[in-house]
Amino acid sequence: VATDLNNGIGKDNGIPFWSDMKFFKAMTLGHLVIMGRKTWEGLKERPLPGRINVVVSTTYDDGRWALTKEGERFYVFHSLTKAVDFAKQHFSNRKTFIIGGADLYKSAFEQNLVDTVLLSKIGCEADCDTFFPLNEAKLRERFGPHKTLSIDNDTPEPVLRIQYGE
């Protein structure tokens, strides 16, 4: 997850900063991404290329794959638990990333479905209306100390990338 200095992750179902997209793509490419309906809509209902896209939503039929208007496949489940079970059963050879939004992150933590958090702290205070549910103190309490992955000063805003958990 990429957050600003105030733990903000979004504004009007969009991303308020793009400084970390290369890292996000590098980490998730070839793997499975699980997102909520609002995140899906924020992507203009287009699957992220090179990834297995899973949407948690009650708007679509449960437990099946669907096609976008352009013929791109994505999978739909009515619950995060079903989506994670699907990932484990059918794509156990790939990593699973929960990529938002805030409600899905909150559910993932409440259901103890998270063993690792990749946090990119963007060095700005963006205009956000959506926030990551756990601050760094709560992440430390839950996962222990973090490991610094990288610091990037060659982006519009500096980015500190850290990992909590395994």
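Model, not experiment: these values are computed from the prediction.
Counting heavy atoms from C-beta outward, Gln163 and Thr148 have side chains that stay 4.5 Å or more apart. Within the 4.5 Å cutoff, side-chain heavy atoms of Lys121 are placed close to those of Thr3. Within the 4.5 Å cutoff, the side chain of Pro47 has heavy atoms near those of the Thr68 side chain. A heavy-atom distance below 4.5 Å is found between the side chains of Val117 and Phe143. Using a 4.5 Å heavy-atom threshold, the side chains of Ile122 and Asp20 count as touching. Considering only heavy atoms from C-beta on, Leu113 comes within 4.5 Å of Leu80 through its side chain. Counting only heavy atoms from C-beta outward, the side chains of Phe132 and Phe109 approach each other to under 4.5 Å. Side-chain contact between Thr116 and Val114: absent, with no pair of heavy atoms (C-beta onward) separated by less than 4.5 Å.
Residues that satisfy the salt bridge (charged side-chain N to carboxylate O under 4.0 Å, His left out) test with Asp152, not counting sequence neighbours, are Arg161. Annotation: side-chain contact (heavy atoms from CB on, under 4.5 Å) contacts of Ala26 (sequence neighbours excluded): none. For Lys106, the salt bridge (charged side-chain N to carboxylate O under 4.0 Å, His left out) test picks out Glu110, with sequence neighbours left out. For the salt bridge (charged side-chain N to carboxylate O under 4.0 Å, His left out) test, no residue two or more places apart in sequence or in another chain qualifies with Asp12.
Residues Gln111 and Thr81 have side chains that bring a donor and an acceptor to within less than 3.5 angstrom of each other. Residues Thr130 and Lys11 bring no donor and acceptor atom of their side chains to less than 3.5 Å of each other. Arg37 and Asn13 form no side-chain donor-acceptor contact under 3.5 Å, judged by distance and modelled atom types alone.
Atom CG of Asp154 and atom OG of Ser19 lie 11.0 Å apart (nearest 0.5 Å). Remark: Arg142 CZ to Asp115 CG distance equals 10.5 Å, nearest 0.5 Å. Put simply, SG on Cys128 and CG on Asn7 are 9.5 Å apart, with the number rounded to the nearest 0.5 Å. In this structure, CG on Asp4 lies 10.0 Å from CD1 on Ile9, to the nearest 0.5 angstrom. Once rounded to the nearest 0.5 Å, the distance linking CZ of Arg140 with NE2 of His146 reads 8.0 Å. From Glu125, atom CD reaches atom CG of Leu5 across 5.5 Å, with rounding to the nearest 0.5 Å.
In terms of heavy atoms, Phe77 sits closest to Val54 at CD1-CG1, 3.7 Å. Closest of all the heavy-atom pairs between Asn6 and Phe131 is O-CD2, 3.5 Å.
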Hey, can you pull the donor-acceptor pairs under 3.5 Å for the side chains in residues 84-94, sequence neighbours left out?
{"unit_1": "Arg94", "atom_1": "NH1", "unit_2": "Gly30", "atom_2": "O", "d": "3.0"}

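Between the side chain of Asn53 and the backbone N or O of Arg51, at least one donor-acceptor pair lies under 3.5 Å. In this structure, the side chain of Thr39 engages the main chain of Gly101 through a donor-acceptor pair within 3.5 Å. In this structure a side-chain-to-backbone donor-acceptor pair under 3.5 Å is present from Asn135 to Ala137. Without hydrogens or angle criteria, Thr155 side chain to Glu157 main chain gives a donor-acceptor distance under 3.5 Å. In this structure, Glu141 contributes its side chain and Gly144 its backbone to no donor-acceptor pair below 3.5 Å.
In terms of hydrophobic clustering, with Ile, Leu, Val, Met, Phe, Trp and Tyr side chains grouped at heavy-atom distances under 4.5 Å, Ile52 and Trp65 are assigned to a common cluster. Leu29 and Ile98 sit in two unconnected hydrophobic clusters of ILVMFWY residues. Membership requires side-chain heavy atoms under 4.5 Å apart, directly or through other members.
Using a cutoff of 4.0 Å between basic side-chain nitrogens and carboxylate oxygens, Glu45 and Lys69 are not scored as salt-bridged.
Think of Phe23 as one node in a network of Ile, Leu, Val, Met, Phe, Trp and Tyr side chains linked at under 4.5 Å; its network also takes in Phe24, Met27, Val33, Met35, Trp40, Leu43, Leu48, Val55, Tyr60, Phe74, Val76, Phe97, Ile99, Leu118, Leu149.
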